Amino acid sequence: MSKYDEKIRDSFDEIRKCYLALCPESEIITKLGISRRTFDRYRNEYPEFRALIDECREEAAAKAAEEVENALLKRATGYDTGGETPKHIPPDVRAAIFYLKNRRPALWKDRQEIAVPELPEIHLTVEEAEL
């Protein structure tokens, strides 16, 4: 049985969980007990491993983007902290502007586009006698 079969193939579920927990890839490689070089070699040699890694990276990126978007919205609208001494965090104007410019650009972009009617083409000709 190869090292790949022993260490990697049986760890697909664990690898997926780590990616979705937004663990750095270096941490995942350490948990697998292999080097970065071996990880890259396995990714190149085993199509099912490459597919897993690509899929997990994509899912992790989507999850991270969603978390950032939710945090930005929370910051833009203000929120209350929990705990023994609750505190109100007021809305952040810059976060609100950034959110609106990106989510509703037709209403909130800085630049306004003004339609200018097309001008007619002008053709000038110079006669030889006038030179």
Side-chain angles (χ1 to χ4, degrees):
M1 185 175 256
S2 73
K3 192 173 184 179
Y4 172 81
D5 290 326
E6 290 174 17
K7 290 193 172 215
I8 307 299
R9 190 165 290 177
D10 295 335
S11 301
F12 277 18
D13 288 337
E14 187 65 29
I15 293 169
R16 181 178 300 284
K17 286 178 189 174
C18 287
Y19 270 105
L20 294 180
L22 303 179
C23 294
E25 200 163 75
S26 58
E27 187 178 312
I28 296 169
I29 292 168
T30 301
K31 283 183 180 184
L32 291 171
I34 60 175
S35 68
R36 164 56 83 172
R37 188 174 176 188
T38 302
F39 179 86
D40 292 339
R41 184 170 51 82
Y42 287 166
R43 202 174 72 225
N44 290 330
E45 288 179 13
Y46 299 96
E48 72 275 7
F49 186 60
R50 175 183 286 283
L52 172 74
I53 297 303
D54 291 346
E55 181 182 313
C56 288
R57 284 178 176 172
E58 192 174 310
E59 287 177 35
K63 181 181 179 187
E66 186 177 324
E67 286 185 21
V68 169
E69 185 176 326
N70 290 338
L72 177 62
L73 179 59
K74 185 176 176 182
R75 184 79 174 143
T77 58
Y79 58 97
D80 294 319
T81 62
E84 291 181 26
T85 55
K87 183 177 170 184
H88 177 71
I89 306 299
D92 181 335
V93 174
R94 280 191 244 156
I97 291 169
F98 183 82
Y99 188 85
L100 290 170
K101 282 182 181 180
N102 285 283
R103 297 292 285 180
R104 303 190 75 189
L107 297 172
W108 290 94
K109 64 183 172 185
D110 286 333
R111 213 172 27 147
Q112 291 183 351
E113 294 179 16
I114 300 171
V116 178
E118 218 175 283
L119 297 174
E121 287 187 34
I122 300 174
H123 296 282
L124 298 175
T125 56
V126 179
E127 305 260 339
E128 279 186 36
E130 292 179 8
L131 294 175

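Every heavy atom of this structure was used, including side-chain atoms; hydrogens, water molecules and symmetry mates were not. This one's a predicted model, so the numbers in the text were calculated from it and none came from an experiment.
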Gap separating the [atom1] atom of [X] from the [atom2] atom of [Y], nearest 0.5 angstrom:
X: Lys74; Y: Asp92; atom1: NZ; atom2: CG; answer: 14.0 Å
X: Arg103; Y: Phe98; atom1: CZ; atom2: CZ; answer: 11.5 Å
X: Arg94; Y: Arg75; atom1: CZ; atom2: CZ; answer: 9.5 Å
X: Arg104; Y: Asn102; atom1: CZ; atom2: CG; answer: 13.0 Å

How close do [X] and [Y] get, counting heavy atoms only, and between which atoms?
X: Arg43; Y: Arg36; result: NH1-NH1, 4.3 Å
X: Cys56; Y: Arg16; result: SG-CA, 3.7 Å
X: Ala76; Y: Ala95; result: CB-C, 3.8 Å

ask   = Are any side-chain N or O atoms of Ser11 and backbone N or O atoms of Glu14, one a donor and one an acceptor, separated by less than 3.5 Å?
value =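 Checked: no pair found.
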query = Are the side chains of Leu73 and Tyr99 in touch, meaning some heavy atoms are under 4.5 Å apart?
reply = yes
task = Could you tell me whether Lys17 and Asp13 have a side-chain N and a carboxylate O separated by less than 4.0 Å?
result =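 Answer for the salt bridge query: no.
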task = In plain terms, say whether Asp40 and Arg37 are close enough for a salt bridge, that is, a side-chain N and a carboxylate O under 4.0 Å apart.
result =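 No.
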ask   = Name the one of Glu59, Glu66, Glu67 that satisfies side-chain contact (heavy atoms from CB on, under 4.5 Å) with Lys63?
value =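 By the side-chain contact (heavy atoms from CB on, under 4.5 Å) criterion, Lys63 pairs with just one of Glu59, Glu66, Glu67: Glu67.
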task = Could you tell me which residues satisfy side chain to side chain donor-acceptor pair (under 3.5 Å) with Arg41, sequence neighbours excluded, listed by chain and number?
result = none
query = So which residues get pulled into Tyr4's cluster when ILVMFWY side chains under 4.5 Å apart are joined, directly or through others?
reply =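 Once heavy-atom contacts under 4.5 Å are chained together, Tyr4 belongs with Ile8, Phe12, Ile15, Tyr19, Ile28, Ile29, Leu32, Ile34, Phe39, Tyr42, Tyr46, Phe49, Leu52, Ile53.
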